[in-house]
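Report on the following structure.
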Number of protein chains: 2
Amino acid sequence: MQHGARKKTQTMADVAVAAGVSKSTVSRAFTQPDRLGPETVKRIKNIARQLGYVPNHTARALSTGRHGNLALIVSDVANPFFPPLIRAAQMEADGSDFCVFLGNSDEDPRQEDRLIDRFVSQVEGLLLVASRLTDEQIVQHARRRPLVLINRDVPGIPRVLIESATGVRHAIEHLAGLGHKHIVYVNGPSSSWANRQRRNALKVAARQHKLEVDLVNAHVPSYESGRAVVPQILDSKATAAVAFDDLTAQGIMTGMAERGISIPRQFSLVGCDDVLGAATYPSLTTVSNRSDEAGRAGVSLLLDMLSGRMAGDTRLVLDTHLVVRQTTAAPAQEKPKGSPSGQPERV
Amino acid sequence: MQHGARKKTQTMADVAVAAGVSKSTVSRAFTQPDRLGPETVKRIKNIARQLGYVPNHTARALSTGRHGNLALIVSDVANPFFPPLIRAAQMEADGSDFCVFLGNSDEDPRQEDRLIDRFVSQVEGLLLVASRLTDEQIVQHARRRPLVLINRDVPGIPRVLIESATGVRHAIEHLAGLGHKHIVYVNGPSSSWANRQRRNALKVAARQHKLEVDLVNAHVPSYESGRAVVPQILDSKATAAVAFDDLTAQGIMTGMAERGISIPRQFSLVGCDDVLGAATYPSLTTVSNRSDEAGRAGVSLLLDMLSGRMAGDTRLVLDTHLVVRQTTAAPAQEKPKGSPSGQPERV
DNA sequence: CTATCCAATGCAACCGGTTGCGCGTCAAGA
DNA sequence: TCTTGACGCGCAACCGGTTGCATTGGATAG
């Protein structure tokens with residue numbers, strides 16, 4: 001009450017009156033300036049600015065069907081894999097004057113479905129990252145709205161895939177080159193497309209290089225579970241490990257350190273996704289991640305679908321590579337356990 | 001074309017015709033069922049279901065002004081401080097059936113302003129986190145829409161503040177108790193409310209405990225800048241440091257390790273925000289962060305403003321505390337440099 | 001000088017709901 | 001039996017833009 005609150009937002013009609021023209025003219029001044037007199041456009045825009053007029057997207061959407069919004073649904077915002085992707089997607093969308101809704105499915109397919117229903121009537125397109133829905137559900141939704149997938153491979157649906165297989169293959173070559181003969185792969189979530197891809201690539205490459213491979217399961221990709229699987233890793237007698245992701249790898253580093261095992265001197269480790277930068281010590285050898293590019297590309301693809309039409313089966317693959325840092329080295333001569341010098345015993 | 005595409009979405013009018021009633025009745029069947037005959041409601045809802053009718057949010061929003069959307073604007077999605085906040089905010093909103101727009105200002109006030117303008121016509125309320133706008137701009141926007149601030153203290157605008165001052169104070173007490181006499185504070189961004197707050201709290205507490213304080217500047221809060229300021233920290237001859245945030249602290253840890261300085265044996269370090277969990281090695285002593293609660297509380301506040309009205313000057317403060325882990329200890333007897341035993345020299 | 005045409009605008013319907021107001025009906029109170 | 005009022009529902013205006021079509025005036029062609 002105090003400030004003489006004029007809360008009324010300015011409408012097109014207000015601008016029209018102030019400019020002495022009709023609503024349609026104001027509308028066209030913004031959407032089809034070339035169909036109007038140049039000075040008229042200028043005058044209207046000036047007045048609009050003075051009045052603090054901001055076009056109402058809701059109204060526009062109602063009559064055009066174009067909302068200028070995208071929905072971005074991820075499984076866990078707090079997982080460091082996603083923020084760069086979200087950021088890139090958001091900025092890419094913004095560049096084309098699109099707003100983005102963010103949804104967090106929390107790894108729950110039902111929640112994901114709910115969110116989509118909730119969003120679908122206010123967006124022009126959906127972007128699903130690492131979706132947990134079934135192929136059928138995805139196809140259903142894709143029927144209603146343009147939809148693109150990231151890290152999920154459903155034939156017929158436009159998708160962008162981060163091909164970490166390449167990087168994993170390089171990791172194996174790298175380890176083999178250093179002289180390792182026996183490694184372990186630490187699994188991520190079994191429902192994860194990325195995990196299946198990585199594990200398979202690893203197995204194939206290991207076979208080629210004649211490496212023995214053991215599998216260990218850290219169902220949740222996190223620091224804690226990485227730390228928890230260290231005993232299993234050690235039991236395997238392997239000299240190196242590839243972890244599903246950097247978080248897991250980081251946990252493993254801690255677990256090793258707690259047992260007095262020096263990385264990379266006594267054990268080599270490679271992560272995946274490069275979400276930690278070089279922020280561990282020693283800095284982690286890992287497979288590069290291009291989630292930001294994936295986000296950008298996904299939005300770009302979606303935008304393409306919205307303007308022109310696209311062939312239904314776009315499949316964009318982003319390659320990765322190995323980032324060699326400081327957690328990999330030649331295996332120790334002796335097994336860590338039998339080391340004669342004053343190495344700390346395992347706890 | 002193939003599937004005999006009947007893409008026309010069902011409208012309220014369609015349902016009305018099918019049910020032999022008027023649009024208004026259909027509308028009321030969904031929004032005010034008690035004002036209608038019970039069997040009428042049931043019949044209409046059945047028919048609506050059969051037809052696959054889904055209410056159009058855009059149209060509803062246009063006439064009611066209620067969109068069921070919130071805007072959340074942060075300065076950098078990729079900064080680990082934000083994801084938990086975003087996640088919590090998103091879920092809190094979702095619990096009340098609100099969707100959230102995510103905006104990334106990228107530390108740029110103009111971008112932030114642009115985003116707000118872009119969002120404002122499709123949301124019922126704004127949530128600004130660590131806003132870089134001027135007080136005047138914020139007040140302006142608050143006039144147009146319900147608005148709440150997080151980590152920004154503008155009188156008259158509802159806000160939730162993470163009071164890291166408390167935790168910082170405890171950190172000083174902790175360090176003093178361990179016997180430290182001389183510490184350094186590593187600054188974050190000068191425009192940051194949080195940084196000013198932390199520095200001031202630290203100075204006051206240090207004075208009380210008769211600690212000498214040096215300041216060092218790491219303008220950007222990041223791993224790299226932390227690593228870069230290590231020489232300055234060492235030059236100060238201090239025996240401990242408090243860093244603006246965990247990222248900076250992590251960088252410092254690496255920098256120290258590279259110089260053969262052992263933490264906490266030769267140098268104590270405390271971070272801020274606890275964004276890394278216990279994921280460093282040794283695990284980082286830090287000031288707790290409650291960004292998730294802040295996000296939740298912010299949305300909750302906003303929702304309150306939307307339903308009831310609220311007194312304009314809500315100021316919700318979230319306390320923090322010190323999380324003591326493994327990077328703090330009593331200072332070394334000798335200065336690290338003069339250590340007689342076989343300590344590695346600085347590089 | 002008149003017929004023609006194009007550029008610049010206005011008119012009004014429409015997008016899909018919501019809602020104040022009014023009308024008819026049936027039951028309870030007088 | 002007549003009045004009264006609550007209840008159930010329809011009418012039509014409105015939210016704030018967009019857009020096909022009509023209109024007008026001036027420039028150009030004939």
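Below, read A as the first sequence line, B as the second, and so on, with proteins coming before strands; counting in each chain starts at 1. Only this structure's heavy atoms are used, side chains among them; waters, hydrogens and symmetry mates stay out.
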Has B/Arg66 got a side-chain N or O lying under 4.0 Å from the OP1 or OP2 atom of C/dT19?
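Answer is yes, contact under 4.0 Å.
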Look at the side-chain N and O atoms of B/Ser63 and state whether any lies under 4.0 Å from the OP1 or OP2 oxygen of D/dC15.
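Answer no for this pair, as no side-chain N or O of B/Ser63 is under 4.0 Å from OP1 or OP2.
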Can you measure [X] atom [atom1] to [N] atom [atom2] for me and round it to whole angstrom units?
X: B/His67; N: D/dC15; atom1: NE2; atom2: C1'; result: 10 Å
X: B/Ile44; N: D/dG10; atom1: CD1; atom2: P; result: 8 Å
X: A/Asn56; N: D/dG16; atom1: CG; atom2: C1'; result: 6 Å
X: A/Arg43; N: C/dA8; atom1: CZ; atom2: C1'; result: 12 Å
X: B/Glu39; N: D/dC9; atom1: CD; atom2: C1'; result: 12 Å
X: B/Gln122; N: D/dG17; atom1: CD; atom2: C1'; result: 14 Å
X: B/His57; N: C/dG17; atom1: NE2; atom2: P; result: 11 Å

Tell me whether the rings of B/Phe30 and B/Tyr53 are parallel (<30°), tilted (30 to 60°) or perpendicular (>60°).
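Rings of B/Phe30 and B/Tyr53: tilted, 30 to 60°.
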Sugar-phosphate, base or nothing in reach of [X], heavy atoms under 4.0 Å:
X: B/Val26; answer: nothing
X: A/Ser24; answer: base
X: B/Thr58; answer: nothing
X: B/Ser27; answer: base
X: B/Leu36; answer: sugar-phosphate
X: A/Phe30; answer: nothing

With the side chain of [X] defined as its heavy atoms from C-beta on, choose the nearest nucleotide among [options].
X: B/Leu62; options: C/dG16, D/dC21, D/dC11; answer: C/dG16
X: B/Thr64; options: C/dT19, D/dG17, D/dT19; answer: C/dT19
X: B/Arg28; options: C/dT9, C/dG16, D/dC11; answer: D/dC11
X: A/Thr11; options: D/dG17, C/dT18, C/dT19; answer: D/dG17
X: A/Thr25; options: D/dG17, D/dG10, C/dT9; answer: C/dT9
X: B/Thr40; options: D/dG8, D/dT19, C/dT9; answer: D/dG8
X: A/Lys23; options: D/dG10, D/dT19, D/dT18; answer: D/dT18

Side chains of [Y] and [X]: any donor to acceptor distance under 3.5 Å?
X: B/Asn69; Y: A/Gln122; result: yes
X: B/Arg43; Y: B/Asn46; result: no
X: B/Thr25; Y: B/Ser22; result: yes

Less than 4.5 Å apart, any side-chain heavy atom of B/Lys23 and any of B/Val15?
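Side-chain contact under 4.5 Å: no.
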Assuming nearest nucleotide by heavy-atom distance, tell me which of A/Met12 and B/Gly37 is located more 5' along DNA chain D.
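Comparing both residues, the 5'-ward one is B/Gly37.
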What's the verdict on salt bridge (Lys or Arg N to Asp or Glu O under 4.0 Å) for A/Asp94 and B/Arg114, showing C-alpha distance, side-chain angles and the deciding distance?
CA-CA 10 Å; A/Asp94 194 71; B/Arg114 247 177 43 72; 2.5 Å; yes
Please tell me which of B/Arg35 and B/Pro55 maps to the more 5' nucleotide of DNA chain C, matching each residue to the nucleotide holding its nearest heavy atom.
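Here B/Pro55 is the residue nearer the 5' end.
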